[in-house]
Amino acid sequence: MAALSPNSTVNATTVVKESEVLDPPKQLDAGALFVLKSRGSWLHCGYHLSTSIVAPSLLSLPYALALLGWVAGVLCLILLGLVTFYSYNLLSMVLDHHAQLGQRQLRFRDMARDILGPSWGKYVVGPLQIVICYAAVVAGALLGGQSLKFIYLLSVPNGTMKLYQFIIIFGVLLLILAQIPSFHSLRHINLVSLTLCLAYSAGVTVGSVYIGYSKNGDIRDYSVNGSAENRVFGAVNAVSIIATTYACGIIPEIQATIAPPVQGKMFKGLCVCYAVIASTFFSVAISGYWAFGNHALESSTVISNLMGKEKPLLPTWFLLIINVFTLLQIAAVTVVYLQPTNEVLEKKFADPTMDQFSIRNVVPRFILRSLSVIVATVFAAMLPFFGDIMAIMGAFGFIPLDFIFPMVVYNVTFKPSKRGLVVWGNTLIAVVSGVLSAIGAIASVRQTVLDANEYRLFANI
C-alpha cells in the first residue's frame, strides 16, 4: 500500500548542485548537529522505528478489543496498521523529495514550516509534537513504575511499597539513560529493545493461551456490555488506544539519523518495523482477549490480568521474566521519546561552534535533561490512569500528526491529479481521522473524568 512520487525528481542531482550554488545549505543548529546525527543505516532506522512503535503500549490491545468486540477489534487492528504504514511511507517520500532538492528536513516542524508555512511549524505542529512526545515520556515512566511494582509483588506478595515510589526508582534509571548524547547513539540499545519486545510478547501470548485452556480460568464473555452511550464512547476510546499503539510522533527525526543519501532507506526500515508489529500486536491482542474476554477491561494492560486478583495465574518465575523484559524495553522507549525534547533543549542552550563534549555543552545538557526527566517522573506519579493517558494522547496528538499531517503535506508537495485515487484517498483518510480525533478527544476526556472520581493523585493502583 504505497504511493508513487511523480517523475519531477528526475535529474535531482543537477537540481541539488544548482540549489547549493544559489542557496548554500544552512549551518546546522546544535539540536540537529548533536542530537540528530546523520550516521545511521536503514537497519538502524528499523531499530529506532521498532522501539518507537512496538512498545509496551501494545499490552493494552486486549483492553481495546474488549471495548470493540472480535470483529470490530480485529478489523480496526488491520486497518490502522495499513493506514499507518501508508502514512509513514508518504512522510518518507516527502522527506526524500526535499532532500533531493537540497532542502533536507530533519524535524516535523521543519516540514510544516517549509511546506505549510512558518506559522504552522512554529505554533501548531512543533508544539504538538513536543507535547505528545513528552506525554509519551510521562506514560513510559508510569508504566515503568507499574512494571517495577509487579516485580516487587511477585517477590514480596504483601509488600507495602506504593506505586509512586517505584515510579521514582524508575525515574532514576531514566536520569542515567537520558544522558546518552544522540539519537544515533541509541541504535544498539534499540536493537536490544527490539529483541525484548519480541520476547515479552511471546511470553504474554504463551501465558494467555495457557490460561485460556486452564481449568482454573474464568468463564469468558466476549459481548460488549453497557448502555448504548457507554458502548459508543468505549469504542471510540478503543480506536484512539489502537491508533496510539501504532503511532510514532518522530518519523522525520528517525529519518534524520540516516546517513545520506537517504532515498529508499526509510522504506526498508519500515518493513523491518512492521514485520515486528505483525508478530507482536496481533498475537498479544488476540490471545489476551481470547483468554480473558470482558475481564480484560479490569486492567489497562494484559500483564495485570496475568497477575490475577488474589494470586498469580502463571508461575512466578515466568511472570518475573516477562516483567523484567517489559521494564527494560520501557526504559528504551522512554529515552527514544525524550529525543525531540533533547533536540529543542540542545538547540536553545548548546553552542554548535564548540565540541559536543566540551564543558560548555555538557553542563547545560546534564542539567536540562535531568530536569526534564524529573518533571516527567513527578507527573507520572501523579497520574495513575495509563489507559486514559493512551487515549488522550491518541486523540489530541498522534492521530492529527500521524494520520492527517502526512496526507496534507503529500498532497501539497506533489500535487497529485484531483481526478486520481491518491488525492481522494488521502483526503478521505484525513477527514475521517479528523472526525475520529474530535470524537476521541471528547470520549477520552470523559473517561478520564470518570476515572478521576475513583482515584486520587499519587494513587497506588
Side-chain angles (χ1 to χ4, degrees), residues 28-40 44-45 47-52 55-56 106-107 129-145 147-148 165-196 249-250 253-254 256-257 324-381:
L28 290 178
D29 57 69
L33 189 63
F34 296 154
V35 179
L36 303 179
K37 290 183 178 180
S38 302
R39 296 182 180 177
H44 297 148
C45 174
Y47 301 159
H48 298 321
L49 284 166
S50 297
T51 298
S52 64
L106 304 178
R107 295 156 286 217
Q129 184 205 22
I130 295 299
V131 168
I132 63 173
C133 286
Y134 197 70
V137 174
V138 174
L142 172 56
L143 195 56
S147 186
L148 266 178
Q165 294 173 299
F166 294 105
I167 293 174
I168 293 172
I169 295 172
F170 185 76
V172 174
L173 174 61
L174 292 181
L175 275 175
I176 299 171
L177 294 176
Q179 307 309 322
I180 295 175
S182 70
F183 205 156
H184 179 64
S185 301
L186 295 173
R187 62 194 183 282
H188 301 304
I189 291 177
N190 288 341
L191 172 59
V192 175
S193 169
L194 188 156
T195 306
L196 289 171
I250 49 177
E253 286 77 8
I254 291 176
T257 66
V324 169
F325 287 171
T326 304
L327 175 67
L328 294 174
Q329 209 233 352
I330 293 169
V333 173
T334 307
V335 174
V336 163
Y337 277 98
L338 266 176
Q339 298 311 305
T341 303
N342 292 344
E343 184 272 325
V344 170
L345 294 175
E346 297 270 316
K347 179 179 179 180
K348 289 185 176 297
F349 298 100
D351 184 353
T353 64
M354 300 187 69
D355 185 75
Q356 181 181 11
F357 300 105
S358 64
I359 296 297
R360 163 64 181 81
N361 288 328
V362 168
V363 172
R365 178 189 307 132
F366 175 78
I367 294 173
L368 294 169
R369 290 189 182 190
S370 298
L371 284 175
S372 69
V373 170
I374 291 170
V375 171
T377 302
V378 171
F379 273 108

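All values derive from a computational prediction rather than experimental measurement.
In this structure, Ser38 and Ala256 approach most closely via the heavy-atom pair OG-O, 2.6 Å. Cys45 and Ile254 get closest at one heavy-atom pair: SG-CG2, 3.8 Å. Closest approach of Thr341 to Ser372, counting heavy atoms only: CG2-CB, 4.4 Å. Across all non-hydrogen atoms, the minimal contact from Ala376 to Val137 is CB-CG1, 3.7 Å. Closest approach of Phe34 and Asn361 over heavy atoms only: CE1-ND2, 3.7 Å. Between Ser358 and Asp355 the shortest heavy-atom distance is OG-O, 2.8 Å.
At distances below 3.5 Å, at least one donor-acceptor pair connects side-chain atoms of Arg369 with backbone N or O atoms of Ile180. A donor-acceptor pair is defined here as one N or O able to donate and one able to accept, closer than 3.5 Å; such a pair exists between the side chain of Thr334 and the backbone of Ile330. Formation of a donor-acceptor pair under 3.5 Å by the Thr377 side chain with backbone atoms of Val373 is found in this model. In this structure, Ser185 contributes its side chain and Pro181 its backbone to no donor-acceptor pair below 3.5 Å. A donor-acceptor pair is defined here as one N or O able to donate and one able to accept, closer than 3.5 Å; no such pair exists between the side chain of Ser50 and the backbone of Tyr47.
Atom OH of Tyr134 is separated from atom CD of Gln129 by 15.0 Å, given to the nearest 0.5 angstrom. With rounding to the nearest 0.5 Å, the separation of CG in Leu338 from CD1 in Ile250 is 10.0 Å. From Gln339, atom CD reaches atom OG of Ser182 across 7.5 Å, with rounding to the nearest 0.5 Å. To the nearest 0.5 Å, atom CG of residue Leu36 and atom OG1 of residue Thr257 are 8.0 Å apart. Ser147 contributes atom OG, which lies 11.0 Å from atom CG of Leu142 (distance to the nearest 0.5 angstrom). Interatomic distance, Lys37 NZ to Phe183 CZ, rounded to the nearest 0.5 Å: 14.0 Å.
Between Leu194 and Asn190, the closest side-chain pair of non-hydrogen atoms is not below 4.5 Å. The closest side-chain heavy-atom distance from Thr195 to Val192 is not below 4.5 Å.
The number of heavy-atom neighbours closer than 6.0 Å to CZ of Arg360, taken from other residues, nucleotides and ligands shown, is above 12. Under a cut-off of 6.0 angstrom, the local environment of CZ in Phe166 is crowded, with over 12 non-hydrogen atoms contributed by other residues, nucleotides or ligands.
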Evaluation steps, side chain to side chain contact (heavy atoms under 4.5 Å, CB included), between Phe170 and Leu143: CA-CA 9 Å; Phe170 185 76; Leu143 195 56; over 6 Å; no
Leu186 and Thr51: CA distance, side-chain angles, deciding distance, side chain to side chain contact (heavy atoms under 4.5 Å, CB included) verdict: CA-CA 10 Å; Leu186 295 173; Thr51 298; over 6 Å; no
Full working for side chain to side chain contact (heavy atoms under 4.5 Å, CB included) between Leu106 and Leu28: CA-CA 10 Å; Leu106 304 178; Leu28 290 178; 3.9 Å; yes
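A salt bridge links Arg107 with Glu343: the closest approach of a Lys/Arg side-chain nitrogen to an acidic carboxylate oxygen falls below 4.0 angstrom.
Ring orientation note: the planes of His184 and His44 are nearly perpendicular, at an angle over 60° on the 30°/60° scale.
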